[in-house]
Number of protein chains: 2
Amino acid sequence: MAEWPTGRLLSTASRLVEHAWLEALDELGLSHAGLIALHLLGEEPTNQTDLAARARVENQTMSRTLDRLEREGYIARERDARDRRRHIITRTAAGAAAWESARTLEADVFPEIADPQGLRNSLLELIHAGTARRWQP
Amino acid sequence: MAEWPTGRLLSTASRLVEHAWLEALDELGLSHAGLIALHLLGEEPTNQTDLAARARVENQTMSRTLDRLEREGYIARERDARDRRRHIITRTAAGAAAWESARTLEADVFPEIADPQGLRNSLLELIHAGTARRWQP
DNA sequence: AGTATTTGCTCAGCAGGCTTACTATTTGCT
DNA sequence: AGCAAATAGTAAGCCTGCTGAGCAAATACT
């Protein structure tokens, strides 16, 4: 496996790491995608396209993630009166509470490694490169 | 984004990086999962459970990936005469050819970063940790 | 020998990525 | 004012992960 291309190591590591907190999140009735959306939403209501861009996912993906959050009662959608194409998303009390309890989970669950800061830097570099290709044409 | 938990950076980076080669692979009629399977298969026919374990995915996932490779004519399944529960997977000529042309693609497409070796080491650490939890109970 | 457990694989169903295609609204240009 | 282009969101369909269930073959135990 030491000979695998780096990209493959990356996706494998990503999948394996994700398992750990999925179990934990499950108990809160949240998914990883949902947690990210709640996090990005914060206390500032905003629209779906904005959330999608900040999460680096396509619009349609965010739409479905929000469907589920809405179904679970963690967010509410409401048409923007000013621009009626838009949906304004707001966190419900339940959503805020769920987010609050999941707040530190991602960090807590992440395995200890030798050079966490180096890893973060590399990942940020990669995200930067990938973002340039997709989100700033 | 510099404040995102490392796990989230990891999955985001993974997704973004994967895009680059998905486009390239698409022209060969291969998917990333399929490429991994072909790679692991190599020239040695083997069974599905073995492939799944080495790819670090569940059995069922590998089963479906092989379904598609079989449909496209890149692999062949055949029952093992010795142990009739098993399916022996072999690469077809087309499969070997496809793999050969995709061989270096993953590496070629990967963005340049400051410390590639450091990244690889961190990822291997993470995979090691994650593997321990799931594949060696 | 006969039953119970384990093993290899498939099926069904869900989530989260993606693309392509569509509707509704807004904006912008003539 | 009116029409074309851009934007916000949804729908449908594909792939790849996962879990949970189930079947058939092989192995282990009594």
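As the structure is a computational prediction, the values presented were derived from the model and not from experiment. Reckoned from all heavy atoms, side chains included, excluding hydrogens, waters and symmetry mates. Here is how names work: the chains are called A, B, and so on, in the same order as the sequence lines, proteins then strands, and each is numbered from 1.
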Give the rounded distance in Å between these two atoms: [atom1] of [X] and [atom2] of [N].
| X | N | atom1 | atom2 | value |
| --- | --- | --- | --- | --- |
| A:Gln48 | D:dT7 | CD | P | 17 Å |
| A:Glu23 | D:dT19 | CD | C1' | 12 Å |
| A:Glu58 | D:dG13 | CD | C1' | 16 Å |
| A:Met62 | D:dT7 | CE | C1' | 17 Å |
| A:Leu66 | C:dA15 | CG | P | 14 Å |
| A:Leu22 | C:dG17 | CG | P | 11 Å |
| A:Gln60 | C:dA15 | CD | P | 18 Å |
| A:Glu70 | D:dG9 | CD | P | 13 Å |

Looking for any heavy atom pair under 4.0 Å, which part of the strands does A:Thr61 touch: base, sugar-phosphate only, or nothing? base
Heavy atoms under 4.0 Å, any strand shown: does B:Asn47 hit a base, just sugar-phosphate, or nothing? sugar-phosphate
Does a salt bridge link [X] with [Y], judged by any charged N lying under 4.0 Å from a carboxylate O?
| X | Y | value |
| --- | --- | --- |
| B:Glu18 | B:Arg15 | no |
| A:Arg54 | A:Asp50 | yes |
| B:Arg77 | B:Asp67 | yes |

Per A:His19 side chain, nearest of listed nucleotides D:dT10, C:dG17, D:dC18: D:dC18
Between residues 77-88 of chain A and DNA chain D, which residues have a heavy-atom gap below 4.0 Å? A:Arg77, A:Arg85, A:Arg86, A:His87
Contact check, residues 122-129 of chain A vs DNA chain D, heavy-atom distance under 4.0 Å, returns none
Is there side-chain contact between [X] and [Y], with at least one heavy-atom pair below 4.5 Å?
| X | Y | result |
| --- | --- | --- |
| B:Leu35 | B:Trp21 | no |
| A:Ile127 | B:Met1 | yes |
| A:Leu40 | B:Trp4 | yes |

Could you give the distance from CG (B:Leu69) to CZ (B:Arg64), rounded to the nearest 0.5 Å? 13.0 Å
Spacing of CG belonging to A:Leu41 relative to CD1 belonging to A:Ile36, to within rounding of 0.5 Å: 13.5 Å
N or O in side chain of [X] less than 4.0 angstrom from [N] OP1/OP2:
| X | N | answer |
| --- | --- | --- |
| A:Arg71 | C:dA15 | yes |
| B:Ser63 | C:dC9 | no |
| A:Arg15 | D:dT16 | no |
| A:Thr49 | D:dG9 | yes |

With DNA chain C as reference, determine whether B:Asn59 or A:Ser31 sits nearer its 5' end, using the nearest nucleotide of each. B:Asn59
Watson-Crick or G-U wobble mate for D:dG22, both contacts under 3.5 Å: C:dC9
Write down the partner of C:dT30 under the Watson-Crick or G-U wobble criteria, each distance required to be under 3.5 Å. D:dA1
Output, in order, the C-alpha distance, side-chain angles, deciding distance and verdict of side-chain hydrogen bond (donor to acceptor under 3.5 Å, both in side chains) for A:Thr6 and B:Arg120. CA-CA 6 Å; A:Thr6 308; B:Arg120 292 181 61 85; 2.9 Å; yes
Determine whether any donor atom in the side chain of A:Arg64 lies under 3.5 Å from an acceptor atom in the base of C:dG16, or the reverse, and answer yes or no. yes
Other residues, nucleotides, ligands: >12 heavy atoms within 6.0 Å of A:Glu44 CD: no
